[in-house]
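Working notes for the structure below.
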Amino acid sequence: MIQGRGLARLCWVVGCLWAAQGAVWAAEPGNTPSPGPDPHQLDDELPQIEAKAFATFARRRSQSLRVYVLEAKEYMPHVGRIVLLKRESANMMAFRVIKTYPDQQEFAARKVKEYEDRSSLPLGEAYMAIEKLKDVGMPATTEEDKKADAKDLKELEQENQSELPSVKDYDPDLDTGTSPPPVGAVDDESSDEEVDRDDSDLENLAADEVKPMDPDSQWLTGEFGMFKNTGSIGGTDTYVGGGARYGLTLGKMIFLASNKAQDALAVEAGAFLYKILGTSSETFTVMPVTVTGRYHINVTADLGLFFYFGINMNLVIENTGGTQNELTSLATTLPAGGGGITFRIGPKWHIRADIGIDMIGAGLMLRF
């Protein structure tokens with residue numbers, strides 16, 4: 001019985017020693033399993049950046065969908081900087097600014113990153129743009145740092161007897177404090193091939209851009225011609241007179257929207273005067289008032305064709321010796337319709353010719 005108790009006590013002591021040895025091993029540095037980094041601590045350790053936020057939208061894009069022209073009314077980003085477009089909390093697309101157009105309040109940017117498999121951005125939709133200006137609290141890599149890095153890398157290469165990548169003058173991942181890259185620096189994201197492609201996309205974008213041939217929307221015309229009306233004794237006669245027209249464009253590039261041809265819809269109203277001498281002592285002064293709709297086609301910035309249709313109301317504003325039947329015969333409302341041509345002779349001046357069922361005339365037109 002005593003021997004059994006001694007054996008049990010010995011087993012108990014050995015078990016305690018084994019457990020103690022295991023605890024000592026687990027407490028040694030390097031033997032304790034790592035629980036992994038705290039995600040909240042990682043967020044706190046992320047480098048801080050200085051950024052500028054502004055509203056923008058995409059106006060145009062190249063056929064390759066790589067280069068976009070975006071609005072910059074609130075703020076003009078810097079060439080070489082990265083701009084992230086967001087909508088609410090969602091990242092939409094990231095761009096690198098490659099050219100600015102201060103006069104047009106626009107900038108061109110090349111797509112560098114897509115989010116959620118979004119290959120293109122719709123035009124005209126508003127976004128919040130964020131431009132990274134610089135890192136806060138991260139010093140820039142100096143020349144002394146680069147020399148020391150090169151020396152240490154050479155030492156490691158000799159020890160490891162393996163070829164390691166050479167240190168670049170500028171590295172977009174290491175040189176976090178120099179954004180945009182210094183002049184002459186090599187940037188993996190902006191190689192010569194990428195620059196050539198950017199230039200090509202900008203040329204294609206310029207070629208695809210449709211510039212309005214007629215930037216104005218209103219005009220005044222002084223015109224002389226021959227006007228048709230019912231004769232004072234019946235039939236149809238033509239009378240020589242003159243007057244003015246006013247036109248207003250309602251819409252542009254409705255059916256034709258290219259650099260070769262553009263169209264527009266407009267309304268035009270005019271008032272003219274001519275005098276009729278009767279068979280004896282009768283005289284009549286008639287004022288035709290026309291209201292027409294006009295469809296205009298600009299073949300070039302200088303040459304245009306148009307077609308019109310409306311009504312022509314003849315008002316007798318003065319009568320000497322005429323009878324009531326003659327007045328009634330002249331005061332008619334007739335259809336107006338026909339076509340014409342315009343040709344620019346100055347920055348805002350055009351000559352025009354009209355040929356229609358209501359009149360044939362020519363005049364000088366001022367656009368504004």
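Under the 4.5 Å side-chain heavy-atom criterion for grouping Ile, Leu, Val, Met, Phe, Trp and Tyr, I355 is not connected to F309 through any hydrophobic cluster. Residues I276 and V316 are members of one and the same hydrophobic cluster, defined by side-chain heavy-atom contacts under 4.5 angstrom among Ile, Leu, Val, Met, Phe, Trp and Tyr. Side-chain heavy atoms closer than 4.5 Å link hydrophobic residues (I, L, V, M, F, W, Y) into clusters, and following such links, even through other members, never connects F57 to Y75. A single hydrophobic cluster is not seen to contain both F307 and M253; linkage of ILVMFWY side chains at heavy-atom distances under 4.5 Å, directly or through other members, places them apart. Placement of L273 and L364 in two distinct hydrophobic clusters is found when ILVMFWY residues are connected by side-chain heavy-atom separations under 4.5 Å, directly or transitively.
Looking at I345 and H350, their side chains never come closer than 4.5 Å, going by heavy atoms from C-beta outward. Within the 4.5 Å cutoff, the side chain of E223 has heavy atoms near those of the R245 side chain. Between L330 and N229, some side-chain heavy-atom pair lies under the 4.5 Å cut-off. At least one side-chain heavy atom of M365 sits under 4.5 Å from a side-chain heavy atom of T342. The side-chain heavy atoms of V67 and R60, taken from C-beta on, include no pair separated by under 4.5 Å. Contact check for I297 versus L256: side-chain heavy atoms found under the 4.5 Å cut-off. Under the 4.5 Å side-chain criterion, counting only non-hydrogen atoms from C-beta, V97 is not in contact with H78. Within the 4.5 Å cutoff, the side chain of V267 has no heavy atoms near those of the R294 side chain.
When all heavy atoms are compared, the tightest approach of T249 to D216 is OG1-O, 4.4 Å. The heavy-atom pair separating F107 from A72 by the smallest distance is CD2-CB, 3.7 Å. Between S89 and K86, the shortest heavy-atom distance links the atoms O-NZ, 3.6 Å. Across every non-hydrogen atom of L70 and A109, the tightest pair is CD1-CB, 4.2 Å. Nearest heavy-atom pair, M213 versus P215, reported as atom, atom and distance to 0.1 Å: O-CD, 3.7 Å. Listed here is the closest heavy atom pair of A129 and L85: CB-CD1, 4.0 Å.
With hydrogens and angles ignored, the 3.5 Å screen pairs no side-chain donor or acceptor of T332 with any backbone N or O of L334. At distances below 3.5 Å, not a single donor-acceptor pair connects side-chain atoms of E106 with backbone N or O atoms of P102. In this structure, the side chain of K111 engages the main chain of L65 through a donor-acceptor pair within 3.5 Å. For the pair T328 (side chain) and Q324 (backbone), a donor-acceptor distance under 3.5 Å is present. A distance-only check finds a donor-acceptor pair linking the side chain of R118 to the backbone of Y115 [under 3.5 Å]. One N or O on the side chain of D263 and one on the backbone of F255 form a donor-acceptor pair closer than 3.5 Å. Formation of a donor-acceptor pair under 3.5 Å by the T285 side chain with backbone atoms of I317 is not found in this model.
Looking at T290, D354, D358 one by one, the single match for side chain to side chain donor-acceptor pair (under 3.5 Å) with Y308 turns out to be D358.
Ionic pairing of K52 and E131 is not present here: no N-O contact between side-chain nitrogen and carboxylate oxygen is shorter than 4.0 angstrom. Salt bridge absent: R87 and E116 never bring a charged side-chain N and a carboxylate O closer than 4.0 Å. R367 and D214 are joined by a salt bridge, as a carboxylate oxygen and a charged side-chain nitrogen come within less than 4.0 angstrom of each other.
Between Y246 and F368, the angle of the ring planes lies from 30° to 60°, which puts this pair in the tilted group. Using cut-offs of 30° and 60° for the angle between ring planes, the F306 and H296 rings count as parallel. Between F95 and Y68, the ring planes lie perpendicular to each other; the angle is over 60°, past the 30° to 60° tilted range.
Interatomic distance, OG1 of T320 versus CG of L277, reported as 10.5 Å (0.5 Å rounding). Here I311 contributes atom CD1 and T333 contributes atom OG1; the two are 6.5 Å apart, rounded to the nearest 0.5 Å.
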Where do N314 and N312 land on the side-chain contact (heavy atoms from CB on, under 4.5 Å) test, with the steps shown first? CA-CA 6 Å; N314 294 293; N312 180 23; 4.0 Å; yes
List the steps, then state whether side-chain contact (heavy atoms from CB on, under 4.5 Å) holds for T100 with V79. CA-CA 7 Å; T100 58; V79 173; 4.0 Å; yes
Apply side-chain contact (heavy atoms from CB on, under 4.5 Å) to residues Y274 and V240 and explain how you reach the verdict. CA-CA 6 Å; Y274 60 82; V240 177; over 6 Å; no
Passes salt bridge (charged side-chain N to carboxylate O under 4.0 Å, His left out), R352 versus E268? Steps please. CA-CA 14 Å; R352 66 178 283 176; E268 189 174 41; 2.7 Å; yes
Given side-chain contact (heavy atoms from CB on, under 4.5 Å), test E326 with E282 step by step and report yes or no. CA-CA 10 Å; E326 291 173 330; E282 305 98 350; 4.1 Å; yes
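Neither side chain, K228 nor T238, offers a donor N or O lying under 3.5 Å from an acceptor on the other.
Close placement of the F227 and F272 rings is indicated, their centers lying within 6.0 Å of each other.
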